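As the structure is a prediction and not an experimental result, all values here were calculated from the model. Here, residue 1 is the first one in the sequence, and each next residue gets the next number.
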Amino acid sequence: YQYQNIKILEVSGVDTKKFLQGLTTADLNLLSEENDLWLTAFANLKGRIISLCFVKYVDDNKLQLSVDKSVLEDLISWLKKYGMFSKVSFAENNEYSLVYREGGFLNHNIIKDAKRSNTSFEEIQKQNIINKLAFINVDNFEKFLPAELELDDIKNVVCYTKGCYMGQEIIARMHYKAKLKKELAVVRSDLDITQIELKDENSKPLANVVNKVFIDGVCYMLVVFHKEATQEQYKLDTGEVIIKC
């Protein structure tokens with residue numbers, strides 16, 4: 001399946017890897033021809049995620065990033081702000097696409113001239129949600145910490161040994177010193193839930209929606225509960241019931 005909502009941002013120049021190494025959560029020095037695809041996050045100074053990208057190794061001077069088109073311009077502006085004194089350039093590459101393909105890294109890859117699939121976006125989004133693979137777009141921009149999306153549980157997405165990078169202090173503090181009281185979970189409902197901030201039947205904040213999809217009469221959501229979810233189901237203040245999957 002070829003994502004239509006994801007663009008490929010190509011970063012090139014002799015300082016590419018060094019420049020991005022100071023901004024991303026992953027250790028990009030691990031990228032090579034043999035290990036050419038990782039997942040990484042860009043975070044602001046408060047550790048909140050600006051973009052969650054698959055990064056593809058082309059060569060030592062060129063890397064490709066998968067970015068939701070709704071946050072692409074914001075990410076480019078942010079990168080340019082910190083790249084003023086680095087020999088790097090940024091450009092969309094419309095020949096390449098992010099694709100969902102079983103067997104790839106986290107079932108994804110960045111490839112050239114991808115063929116269209118009969119599979120729907122809703123089907124792919126359902127699989128991503130069930131696998132707890134989050135996507136960052138304009139609705140959840142700068143909203144979540146890596147730990148809240150369980151990115152620590154995915155190998156090499158967050159590095160704590162490579163040195164300083166944007167947001168590292170808070171991200172590392174959450175990892176080493178803080179006990180995360182929130183919980184990432186997959187929930188479903190028989191009704192299409194449109195709100196992003198969920199409240200319980202007593203109108204108390206319950207969870208934030210990361211991603212959602214409505215398919216075959218069922219709404220699947222990846223949510224961050226504000227505290228450990230001790231119940232299997234919750235009734236919302238709007239009357240819908242959500243059930244943990």
Side-chain angles (χ1 to χ4, degrees), residues 1 5 25 39 41 43-44 46-52 68 70-71 100 102 106-108 119-158 160 167 170-245:
Y1 172 79
N5 62 314
T25 58
L39 185 67
N44 62 20
K46 296 181 179 179
R48 304 284 171 175
I49 299 174
I50 293 171
S51 184
L52 188 57
D68 190 284
S70 66
V71 300
Y100 181 98
E102 291 183 355
L106 297 178
N107 290 328
H108 286 79
T119 305
S120 69
F121 171 77
E122 286 76 17
E123 292 175 87
I124 297 302
Q125 185 74 325
K126 175 185 172 182
Q127 290 303 315
N128 289 330
I129 288 172
I130 289 173
N131 291 327
K132 290 187 175 182
L133 179 60
F135 279 77
I136 298 298
N137 53 42
V138 69
D139 293 326
N140 52 30
F141 182 77
E142 294 185 314
K143 197 166 188 176
F144 298 105
L145 295 164
E148 293 174 333
L149 302 184
E150 294 186 357
L151 296 182
D152 282 347
D153 295 342
I154 305 176
K155 185 179 179 181
N156 296 325
V157 176
V158 183
Y160 297 101
I170 292 175
I171 293 170
R173 188 186 305 150
M174 290 297 300
H175 177 73
Y176 288 114
K177 296 183 178 180
K179 182 178 180 181
L180 187 66
K181 297 179 181 180
K182 298 183 179 183
E183 179 183 344
L184 183 70
V186 179
V187 300
R188 60 181 173 84
S189 174
D190 292 334
L191 298 173
D192 187 11
I193 296 174
T194 58
Q195 58 265 40
I196 297 175
E197 298 180 359
L198 305 181
K199 296 181 180 180
D200 64 18
E201 58 186 331
N202 298 314
S203 296
K204 293 183 178 180
L206 178 65
N208 292 112
V209 177
V210 183
N211 300 127
K212 62 148 279 189
V213 67
F214 188 69
I215 180 172
D216 298 329
V218 180
C219 182
Y220 295 91
M221 297 184 292
L222 183 62
V223 305
V224 175
F225 281 98
H226 294 308
K227 57 184 179 180
E228 184 180 354
T230 56
Q231 301 173 211
E232 287 302 309
Q233 67 178 47
Y234 292 87
K235 187 174 182 180
L236 304 182
D237 63 337
T238 48
E240 302 99 331
V241 174
I242 59 173
I243 304 169
K244 290 182 71 177
C245 296

Do [X] and [Y] come within less than 4.5 Å of each other through their side chains, counting heavy atoms only?
| X | Y | answer |
| --- | --- | --- |
| Asn137 | Asn211 | yes |
| Lys132 | Asp153 | no |
| Glu183 | Lys244 | yes |
| Arg48 | Glu148 | yes |
| Ile154 | Leu106 | yes |
| Lys212 | Ile193 | no |
| Val223 | Ile242 | no |
| Asn208 | Phe144 | yes |

Please state whether the rings of Tyr160 and His175 are parallel, tilted or perpendicular, taking 30° and 60° as the class boundaries.
-> parallel

Assign the ring pair Tyr234 / Phe225 to parallel, tilted or perpendicular, where the plane angle (0 to 90°) is split at 30° and 60°.
-> tilted

Reported [atom1]-to-[atom2] distance for the pair [X] and [Y], which is rounded to 0.5 angstrom:
| X | Y | atom1 | atom2 | result |
| --- | --- | --- | --- | --- |
| Leu184 | Glu150 | CG | CD | 4.5 Å |
| Gln125 | Ile130 | CD | CD1 | 11.0 Å |
| Ile129 | Cys219 | CD1 | SG | 8.0 Å |
| Ile49 | Leu145 | CD1 | CG | 7.5 Å |
| His226 | Leu206 | NE2 | CG | 7.0 Å |
| Ile171 | Asp152 | CD1 | CG | 9.0 Å |

Can you tell me if [atom1] on [X] sees more than 12 non-hydrogen neighbours from other groups inside 6.0 Å?
| X | atom1 | answer |
| --- | --- | --- |
| Asp216 | CG | no |
| Lys199 | NZ | no |
| Lys143 | NZ | yes |

Nearest heavy atoms of [X] and [Y], plus distance in Å:
| X | Y | answer |
| --- | --- | --- |
| Leu191 | Glu240 | CD1-CG, 3.7 Å |
| Ile136 | Ile50 | CG2-O, 3.4 Å |
| Asn140 | Phe135 | ND2-O, 3.1 Å |
| Arg188 | Val218 | CB-CG1, 4.0 Å |
| Val138 | Ser70 | N-OG, 3.0 Å |
| Ser189 | Val241 | OG-O, 3.1 Å |

Pair Tyr1, Asn107: side-chain N/O donor-acceptor within cut-off below 3.5 Å = no

Could you go through the side-chain contact (heavy atoms from CB on, under 4.5 Å) check for His108 and Asn128 one step at a time?
-> CA-CA 10 Å; His108 286 79; Asn128 289 330; 3.3 Å; yes

Go through the steps to decide whether Gln195 and Val209 satisfy the test side-chain contact (heavy atoms from CB on, under 4.5 Å), and finish with yes or no.
-> CA-CA 8 Å; Gln195 58 265 40; Val209 177; over 6 Å; no

Counting N and O atoms only, with roles assigned by atom type, does the side chain of Asn131 sit under 3.5 Å from a partner on the main chain of Leu133, one being a donor and the other an acceptor?
-> no

Apply side-chain contact (heavy atoms from CB on, under 4.5 Å) to Leu198 and Met221, showing your working.
-> CA-CA 11 Å; Leu198 305 181; Met221 297 184 292; 4.2 Å; yes

